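Worksheet: the structure to be examined is printed underneath.
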Amino acid sequence: MFLSLRAEVEDAVAEALTALSLPTDDLGIEQPPDGVDAVLASSVAFRLAEEVGAPPPKVAADIAAEIDAEPYDYIDAAVGQGPYVNFLPSEQYLADTLETAQADDYGHLPDRDTSVVLEHTSANPTGPVHVGRARNPIVGDALARVLEYAGYDVERHYYVNDAGRQIAVFTWAYETFDESDLPDPDRDSPEYEMVRYYRKGNDYLESADDDAVEAAEAEIAAILQGLEDGDEETYERVAEVVDTVLSGMTETIGRLPAEFDEFVKETQFMRDGSTDDVVQRLKELDCAVYEEDAWQLDLPDFEKNLVFLRADGTSLYTTRDLAHHEWKFEHFDRAVTVLGEDHKLQADQLSSTLELLGHDTDQLEQVFYSWVNLPEGGMSTREGTGVDLDDLLDEAIDRARAEVEDRMADRLRDDDLDEDDLDRIARQVGIGAVRYDIVSKQPTKGITFEWERALDFEAQSAPYVQYVHARCCGILDDAGDVDTDAVDPSALEASEAAALLREIARFPAVIEEAAEDHRPHVVATYTRSLAETFNSFYRECPVLDADKETRAARVALVGAARTTVANALDAIGVDAPTSM
RNA sequence: GGGCACGUAGCUCAGUCCGGAAAGAGCAUCGGACUUCUAAUCCGAUGGCCGUGGGUUCAAAUCCCACCGUGCCCGCCA
């Protein structure tokens, strides 16, 4: 409804300006601050004051007077208020919002008939997922959900780097060292067992004597060469390591939850010849140069050349990624990638090169986030420094469980939570808190990991919003059967109820904004604001004890609040508990 | 050295893209509200030269320039 209202307001302002022979290039539509009755406003009078030769309040009043609300469904009136033209919503707006918002699919925008491939995480399959890279699956999955809400047809991809030196080292180490020489794994899970070989191998390369290292390097080089030559046996050796490690990582990421539709392997683009094909076309480019036995691109906007073929004739990560992206463009309308800020330069070079190859890079969008660091520095799989995501999630669940048990004694609601409920709530709240904490911040801001902060369940966190959902469910449970179809929204005249309905009405616009700008955190901000508005309503407006007509309207409003909270949380991937 | 990102209350952050109605939350501190639809809640108080200095504008946390601080990047690594 909000989106329709906004369209009507834009139309009304443009019409009025045209009638007054004023320019319509900037309508100045904005949302008024709290405490103003209007839902939308225009500040256009400021800009027109000089042209008209009258002070802004006079101009605003004239524009308001020119607007006839009659033909509009959702505008009740346009009123001049100081220098602003304020728009009051109609009964119809409130009634339609109340009805639409109770539907399970509230917040889903119409299908756009546009396919989007969203690549996120793509962490090298070298070991357990640590907190340093945890922002990627959380932001990526939330963005995928938001895009789906916005009507896009989304596929989630994990690009598997299975052709790099690290993986060759890993494969060599796995085949070389014996398990009896390794420490016990931190967890009984494949990636924790496997990473021991990786770390052992890297240690060996750093500390063994020169001859031994040289021999090892020869074996590693042979693996890389085998991949480049398309040797089937080498692929299988590497795949055993990669698939095993990846299976464990996938399971950890799945706890967030974040799932993938496809794991796209880098080697795919070596085996199908597309990397060779890209290389041929890159050589034809005007900026292609052959220097020091290597093929490079002298990209106009970059200081250094981009090497795309090594002196030994092998391809590089970026070369394969070019083939990967051409494949994406072939199969999808748009491609979005969530990347660490350390990949910014590489991503810009990729984009420029794709442009030179004749692709429309408007369809490629990148979202960057900064790494989560420890107070003492970055996290590293190879060095084994860092906090494992599994440990963080386990600790979050443990603490959430302790909270629930703590509150059991003086719990007011008499609904007999059993052991299964306890497990469920601990998991929903614990994981929700971790996820919400990350998804609610702008990804470009730096985060330093601290246990206490990451596990803070106080207000402005997931449990605060989840609690509102549980409260709604509680009220609806007790309300029994209420005919919410023929409810008169004018029964919601209490200001807290009206404010809640207006906040609910914004949800589709929030989804639209988050999807267009690729900023899922605005949805998190919205859930908090919605929860606050609900809590004010909850305090001031009794639902079950109200007179019949008010009761029905308020039950409908709580129903609308429940679906809105549930769907807004769903859009950022946080569970909505039915009881807490 | 160059490029990019970030800098808002003691702490953690919204708001910045697209300039407009007294700068908003939470935590912390202090003071209130549970015989009431769930107190993981609510109400109130305290706390801000929006990094600094210029500029543009009727209007700047928001746009432009310079500077300072922090992080990331500048491999024939990924």
Side-chain angles (χ1 to χ4, degrees), chain A residues 26 28-30 32-36 41 43-47 49-50 55-56 81-84 86 122 124 126 161 163-167 266 291-296 301-305 307-312 314 316-318 321 340-346 348 368 370-371 373 378 400 403-404 406-407 410-415 425 429 437 440-442 444-447 450 453 456-464 466-468 470-479 517 519 521-522 524-525 528-529 531-532 535-536 538-546 554-555 558 579-580:
Chain A
D26 183 357
I29 307 298
E30 57 193 62
D34 290 344
V36 176
S43 61
V44 73
F46 282 112
R47 265 144 287 163
E50 193 172 351
Q81 199 169 333
Y84 298 91
N86 284 347
S122 303
N124 294 334
T126 50
N161 304 150
R165 179 185 151 83
Q166 300 173 75
I167 296 306
E266 200 178 346
E291 285 174 10
E292 295 175 40
D293 299 331
W295 277 95
Q296 338 191 348
D301 297 323
F302 298 89
E303 213 177 306
K304 297 202 172 165
N305 285 358
V307 175
F308 63 90
L309 204 60
R310 291 187 182 103
D312 65 5
T314 59
L316 288 94
Y317 173 83
T318 309
D321 206 20
E341 61 176 350
D342 51 329
H343 283 62
K344 187 95 167 57
L345 178 64
Q346 187 264 328
D348 286 345
F368 296 96
S370 76
W371 296 94
N373 289 321
E403 283 289 326
V404 187
D406 248 20
R407 292 164 199 273
D410 44 29
R411 190 181 153 83
L412 249 64
R413 192 176 176 81
D414 176 28
D415 56 0
I425 295 167
V429 168
D437 182 57
S440 62
K441 289 170 185 148
Q442 290 182 47
T444 44
K445 300 228 181 192
I447 296 182
E450 287 162 58
R453 191 163 290 153
D456 184 3
F457 296 157
E458 293 296 326
Q460 227 176 27
S461 72
Y464 175 78
Q466 292 174 315
Y467 189 59
V468 165
R471 273 182 158 174
C472 288
C473 290
I475 294 172
L476 294 171
D477 271 353
D478 295 345
D517 301 342
R519 303 190 322 153
H521 86 271
V522 305
T525 304
R528 193 152 58 222
S529 158
E532 264 167 35
N535 281 326
S536 298
Y538 183 87
R539 172 174 43 92
E540 296 297 330
C541 303
V543 176
L544 301 177
D545 295 338
R554 288 182 178 171
V555 167
V558 171
S579 62
M580 287 175 68

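Since this is a predicted model, take the numbers as computed values, not measurements. The sequence lines fix the lettering, A, B, ..., with proteins before strands; numbering per chain opens at 1.
- Residue contacts shown for A/Thr444 are limited to sugar-phosphate atoms, with no base heavy atom under 4.0 Å away.
- The residue A/Ala41 sits close to a base: some heavy atom pair falls under 4.0 Å.
- Under the 4.5 Å side-chain criterion, counting only non-hydrogen atoms from C-beta, A/Ile167 is in contact with A/Thr126.
- Rounded to the nearest 0.5 Å, atoms CZ (A/Phe302) and CG (A/Asp348) are 5.0 Å apart.
- In this structure, A/Val429 reaches the bases: a heavy-atom distance under 4.0 Å links it to at least one base atom across the strands shown.
- Rounded to whole Å, the distance from CD on A/Gln81 to P on B/A22 is 12 Å.
- Looking at residues two or more places apart in sequence or on another chain, you find no salt bridge (charged side-chain N to carboxylate O under 4.0 Å, His left out) involving A/Arg539.
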Item checked: Per-nucleotide pairing state of RNA chain B [Watson-Crick or G-U, under 3.5 Å; [ ] pseudoknot-crossing; | other strand] -> (((((((..((((......[...)))).(((((.......))))).....(((((..]....))))))))))))....
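- A straight line from CE of A/Met580 to C1' of B/A39 spans 12 Å, rounded to a whole angstrom.
- Legend: residues meeting ring pair (Phe, Tyr, Trp, His ring centres under 6.0 Å) with A/Tyr538, ordered by chain and number and at least two apart, are absent.
- Rounding to whole angstrom units, NZ of residue A/Lys344 and C1' of B/C72 are separated by 11 Å.
- Under a cut-off of 6.0 angstrom, the local environment of CD in A/Glu450 is crowded, with over 12 non-hydrogen atoms contributed by other residues, nucleotides or ligands.
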For nucleotides 74-78 of chain B, give me every protein contact, N/O to N/O, under 3.5 Å, one pair per line with atom names.
| from | atom 1 | to | atom 2 | distance (Å) |
| --- | --- | --- | --- | --- |
| B/G75 | OP2 | A/Lys304 | NZ | 2.2 |
| B/C76 | O3' | A/Arg310 | NE | 3.3 |
| B/C76 | O2 | A/Ala311 | N | 2.8 |
| B/C76 | N4 | A/Glu292 | O | 2.2 |
| B/C77 | OP2 | A/Arg310 | NE | 2.6 |
| B/C77 | OP2 | A/Arg310 | NH2 | 2.5 |
| B/A78 | OP1 | A/Arg310 | NH2 | 3.2 |
| B/A78 | OP2 | A/Tyr317 | N | 3.1 |
| B/A78 | O2' | A/Asn124 | OD1 | 3.2 |
| B/A78 | O2' | A/Asn124 | ND2 | 3.0 |

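- The shortest distance between side-chain heavy atoms of A/Gln166 and A/Asn161 does not fall below 4.5 Å.
- When side chains are defined from C-beta on, A/Arg413 counts as touching A/Asp477, because their heavy atoms get closer than 4.5 Å.
- For the P atom pair drawn from B/G53 and B/C13, the interatomic distance equals 25 Å after rounding to whole Å.
- Residue A/Arg413 contributes atom CZ, which lies 9 Å from atom P of B/C37 at whole-angstrom precision.
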Pairwise N/O distances under 3.5 Å, protein to nucleotides 12-19 of chain B:
| from | atom 1 | to | atom 2 | distance (Å) |
| --- | --- | --- | --- | --- |
| B/A14 | OP1 | A/Gln442 | N | 2.7 |
| B/A14 | OP2 | A/Lys445 | NZ | 3.0 |
| B/G15 | OP1 | A/His521 | NE2 | 2.9 |
| B/G15 | OP2 | A/Gln442 | NE2 | 2.6 |

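- The shortest distance between side-chain heavy atoms of A/Met580 and A/Val429 falls below 4.5 Å.
- Comparing the C1' positions of B/G48 and B/G15 gives an interatomic distance of 14 Å, to the nearest angstrom.
- A/Cys473 comes within contact range of no nucleotide atom at all, as no heavy-atom separation falls under 4.0 Å.
- To the nearest 0.5 Å, atom CD of residue A/Gln460 and atom OG1 of residue A/Thr525 are 9.0 Å apart.
- Between A/Arg539 atom CZ and B/U41 atom C1' there is a gap of 10 Å when expressed in whole angstrom units.
- For the P atoms, the distance linking B/G69 with B/C30 amounts to 38 Å, nearest Å.
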Next item on the list: Can you check each nucleotide of nucleotides 58-63 of chain B against protein heavy atoms at under 4.0 Å and return B for base, S for sugar-phosphate only, - for none, in 5' to 3' order?
Entry: B-----
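- Looking at residues two or more places apart in sequence or on another chain, you find no salt bridge (charged side-chain N to carboxylate O under 4.0 Å, His left out) involving A/Glu532.
- Under a 3.5 Å cut-off, the side chain of A/Arg519 and the backbone N or O of A/Gln442 do not form any donor-acceptor pair.
- Across the C1' atoms, B/A25 and B/G3 are found 35 Å apart, a figure rounded to whole Å.
- Nucleotides B/A45 and B/A9 place their C1' atoms 15 Å apart, quoted to the nearest Å.
- Nucleotides B/C4 and B/C64 are separated by 12 Å at their P atoms, to the nearest Å.
- Its glycosidic angle being within 90° of 0, B/C34 falls on the syn side.
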Notebook entry, point to check: For A/Asn535 and A/Arg471, what are the C-alpha separation, side-chain angles and deciding distance, and is it a side chain to side chain contact (heavy atoms under 4.5 Å, CB included)?
Noted result: CA-CA 10 Å; A/Asn535 281 326; A/Arg471 273 182 158 174; 2.8 Å; yes
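- Rounded to the nearest Å, the gap between the P atom of B/G26 and that of B/U62 is 25 Å.
- Across all strands shown, A/Ser529 has no heavy atoms under 4.0 Å from either base or sugar-phosphate atoms.
- Contacts of A/Val404 with the nucleic acid, taken as non-hydrogen atoms under 4.0 Å apart, include base atoms.
- Across all strands shown, A/Ile425 has heavy atoms under 4.0 Å from base atoms, whether or not it also approaches the sugar-phosphate.
- In this structure, the nucleotide among B/A39, B/A25, B/C43 sitting nearest to the side chain of A/Glu532 is B/A25.
- Using a 4.5 Å heavy-atom cutoff, the side chains of A/Asp437 and A/Arg453 are not in contact.
- A/Glu292 places none of its side-chain heavy atoms less than 4.5 Å from the side chain of A/Val307.
- A/Ser529 is linked by a side chain to side chain donor-acceptor pair (under 3.5 Å) to A/Glu503, counting only residues two or more places apart in sequence or in another chain.
- Rounded to whole angstrom, the span from the CG atom of A/Asp348 across to the C1' atom of B/G2 amounts to 14 Å.
- Contacts of A/Asp26 classified as salt bridge (charged side-chain N to carboxylate O under 4.0 Å, His left out), with partners at least two apart in sequence or in another chain: A/Arg47.
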Quick test: give all pairs of protein nitrogen or oxygen and nucleotides 50-52 of chain B nitrogen or oxygen below 3.5 Å, distance rounded to 0.1 Å.
none

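- Take A/Glu266 and apply the side chain to side chain donor-acceptor pair (under 3.5 Å) test, not counting sequence neighbours, and it matches A/Arg320.
- Atom CD of A/Glu341 is separated from atom P of B/G71 by 11 Å (rounded to the nearest Å).
- Take A/Arg310 and apply the salt bridge (charged side-chain N to carboxylate O under 4.0 Å, His left out) test, not counting sequence neighbours, and it matches no residue.
- For A/Tyr538, whose side chain is taken as the heavy atoms from C-beta onward, the closest listed nucleotide among B/C37, B/C43, B/A40 is B/C37.
- Checking B/A21, B/C37, B/A39 against every side-chain atom of A/Arg471, the shortest atom distance belongs to B/A39.
- Only the P atoms considered, B/G19 is 9 Å distant from B/C63, to the nearest whole Å.
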